[in-house]
Amino acid sequence: MKKTTLLIIASLIAGSIFAQNLDLPAPRKSGGMPLMDALAKRTTARAFDASRELSTQQLSTSLWACFGINRPDGKRTAPSARNRQETDIYVLLKSGTYVYNASSNRLDRVSSEDMRSLGGTQAFVKDAPVTLVFVADLAKMGEGNNESKMNTANIDVGYISQNAYLYCTSEGLATGARGSVDRAALGPKLKLRPDQAIILAQSVGYPKP
């Protein structure tokens with residue numbers, strides 16, 4: 001086979017792989033509800049309108065609000081201990097499963113499978129168009145035992161989850177965080193390593209009428 005033919009095939013394969021990723025529109029970083037109003041109206045939802053999807057703009061802005069880059073030095077909208085930035089956000093959608101790439105403002109495809117039903121043990125999780133799964137990469141956290149790392153990771157994810165709550169309140173969306181996730185089933189599907197841990201899952205969607 002000619003070298004040029006091989007190059008064309010390789011290019012097509014690479015293009016097919018990258019086409020599976022989802023480039024997001026630039027997040028909206030201004031406007032919205034005043035902070036004190038959002039705090040006053042923040043609630044946890046356990047019912048979602050299964051007929052309504054989030055726009056890619058809403059998805060982009062929600063992920064940026066959660067843990068996007070908000071400064072030229074690469075620091076984020078939520079703090080992390082020693083700026084380790086150990087939390088990855090996996091995004092479960094009807095169209096597949098992705099991981100948020102904050103530096104490129106992109107969703108990198110993990111699988112074409114709809115895994116939303118694995119994002120919680122309650123029946124309502126399948127109705128929400130988006131489930132965010134917050135995963136701690138303990139390998140990024142330096143020295144220390146796993147118990148100490150997990151304690152820190154739990155705190156850091158708490159900041160990110162609250163950002164999601166405040167954005168959803170401002171946007172008129174429903175959201176609810178939970179620790180009840182079938183980690184034994186979901187972890188392998190997400191292709192997690194042994195030193196990655198699912199901390200929390202959070203559904204996002206429109207309120208059920």
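This one's a predicted model, so the numbers in the text were calculated from it and none came from an experiment. Just so you know, these numbers use all the heavy atoms, side chains as well, and skip hydrogens, waters and symmetry mates.
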Query - ILVMFWY network linking Val130 to Val99, side-chain heavy atoms under 4.5 angstrom - result: no
**Report entry** Separation of Leu24 CG from Arg106 CZ (nearest 0.5 Å)
**Finding:** 9.5 Å
Query raised in the report: Would you say Lys140 and Gln85 make side-chain contact, with heavy atoms under 4.5 Å?
Result: no
Report task. Walk me through it: do Asn101 and Asn21 pass the test side chain to side chain contact (heavy atoms under 4.5 Å, CB included)? Result -> CA-CA 10 Å; Asn101 184 329; Asn21 298 332; over 6 Å; no
Report summary line: salt bridge (charged side-chain N to carboxylate O under 4.0 Å, His left out) pairs touching residues 177-188, sequence neighbours excluded, are none
**Report entry** Lys191 (side chain) donor-acceptor with Val110 (main chain) under 3.5 angstrom
**Finding:** yes
Query raised in the report: Quick one: CD1 on Ile198 to CG on Leu186, what's the gap to the nearest 0.5 Å?
Result: 4.0 Å
Report summary line: Distance col, row Ser62:OG vs Asn163:CG, nearest 0.5 angstrom, shows 11.0 Å
Query raised in the report: Could you walk me through whether Leu190 and Met115 pass the side chain to side chain contact (heavy atoms under 4.5 Å, CB included) check?
Result: CA-CA 9 Å; Leu190 296 179; Met115 300 184 195; 4.0 Å; yes
Report task. Look only at the side chain of Ser60 and the backbone of Pro25, and say whether a donor-acceptor pair between them is shorter than 3.5 Å. Result -> yes
Report task. Please tell me if the side chains of Cys66 and Ile89 come closer than 4.5 Å, counting only heavy atoms from C-beta onward. Result -> yes
Requested in this report: Would you check if Pro27 and Leu63 make a side-chain contact, meaning some heavy-atom pair closer than 4.5 Å?
Outcome: no
Query - Student check: side-chain heavy atoms of Asn105 and Asp23 closer than 4.5 Å - result: no
**Report entry** Heavy-atom side-chain proximity of Gln20 to Tyr98 below 4.5 angstrom
**Finding:** no
Query raised in the report: Between Ser80 and Glu86, is any side-chain donor less than 3.5 angstrom from a side-chain acceptor?
Result: no
Requested in this report: Output yes when a side-chain donor or acceptor of Ser170 lies under 3.5 Å from a complementary backbone atom of Leu166, and no otherwise.
Outcome: no
Report summary line: When every non-hydrogen atom of Ser95 is compared with those of Arg109, the smallest separation belongs to O-NH2, 3.6 Å
Report task. Locate the shortest heavy-atom distance separating Leu200 from Ala177; write the atom from each residue and the value. Result -> CD2-CB, 4.0 Å
Query raised in the report: Would a 4.5 Å heavy-atom cut-off, applied to side chains only, mark Leu132 and Tyr90 as touching?
Result: no
**Report entry** Which atom of Ala174 lies closest to which atom of Ala45, heavy atoms considered
**Finding:** CB-CB, 3.6 Å
Requested in this report: Please report the shortest heavy-atom distance between Leu138 and Lys149, naming the atom on each side.
Outcome: O-NZ, 3.4 Å
**Report entry** Short side-chain donor-acceptor distance under 3.5 Å, Arg46 and Gln122
**Finding:** no
Query raised in the report: Can you hop from Met141 to Phe134 via hydrophobic side chains spaced under 4.5 Å?
Result: yes
Requested in this report: Nearest 0.5 Å please: distance from the OH atom of Tyr167 over to the CG atom of Leu173.
Outcome: 6.0 Å
Report task. Sequence neighbours left out, what passes salt bridge (charged side-chain N to carboxylate O under 4.0 Å, His left out) with Arg193? Give chain and number order. Result -> Asp137, Asp195
Query raised in the report: About how many Å separate CD of Glu147 and CG of Asn151, when rounded to the nearest 0.5 Å?
Result: 5.5 Å
Query raised in the report: Is the count of non-hydrogen atoms from other residues, nucleotides or ligands lying under 6.0 Å from Lys189 atom NZ greater than 12?
Result: no
Query raised in the report: How about Arg28: does its CZ atom have over 12 heavy atoms from other parts shown lying under 6.0 Å from it?
Result: no
**Report entry** Test side chain to side chain contact (heavy atoms under 4.5 Å, CB included) applied to Thr77 and Trp64, step by step
**Finding:** CA-CA 7 Å; Thr77 56; Trp64 177 83; 3.9 Å; yes
Requested in this report: Kindly give the heavy-atom pair with the smallest separation between Pro188 and Ala185, and that separation in Å.
Outcome: CD-O, 3.6 Å
**Report entry** Side chains of Val133 and Val135 in contact at under 4.5 Å (non-hydrogen atoms)
**Finding:** yes
Query - Nearest-0.5 Å distance, CG of residue Leu54 to SG of residue Cys168 - result: 7.5 Å
Query raised in the report: Does a side-chain heavy-atom distance below 4.5 Å link Lys208 with Phe48?
Result: no
Query raised in the report: Of the non-hydrogen atoms in Asp49 and Ser51, which two are nearest, and what is the gap between them?
Result: OD1-OG, 2.6 Å
Query - Pairwise salt bridge (charged side-chain N to carboxylate O under 4.0 Å, His left out) hits with a residue in residues 155-173, at least two apart - result: none
Query - Val157 with Val204, same ILVMFWY side-chain cluster at under 4.5 Å - result: yes
**Report entry** Criterion side chain to side chain contact (heavy atoms under 4.5 Å, CB included) on Arg116 and Asp127, from CA distance to verdict
**Finding:** CA-CA 8 Å; Arg116 290 174 299 161; Asp127 296 330; over 6 Å; no
Query raised in the report: Any donor and acceptor pair, going by atom type alone, linking the side chain of Ser203 with main-chain N or O of Thr175 inside 3.5 Å?
Result: no
Report task. Say whether Thr44 and Tyr165, considering side chains only, have a donor N or O and an acceptor N or O under 3.5 Å apart. Result -> yes
Query raised in the report: Are Val91 and Leu192 connected in the hydrophobic side-chain network, where two residues link if heavy atoms are under 4.5 Å apart?
Result: no
Query raised in the report: Any link between Leu92 and Val181 through a network of hydrophobic side chains (Ile, Leu, Val, Met, Phe, Trp, Tyr) touching at under 4.5 Å?
Result: yes
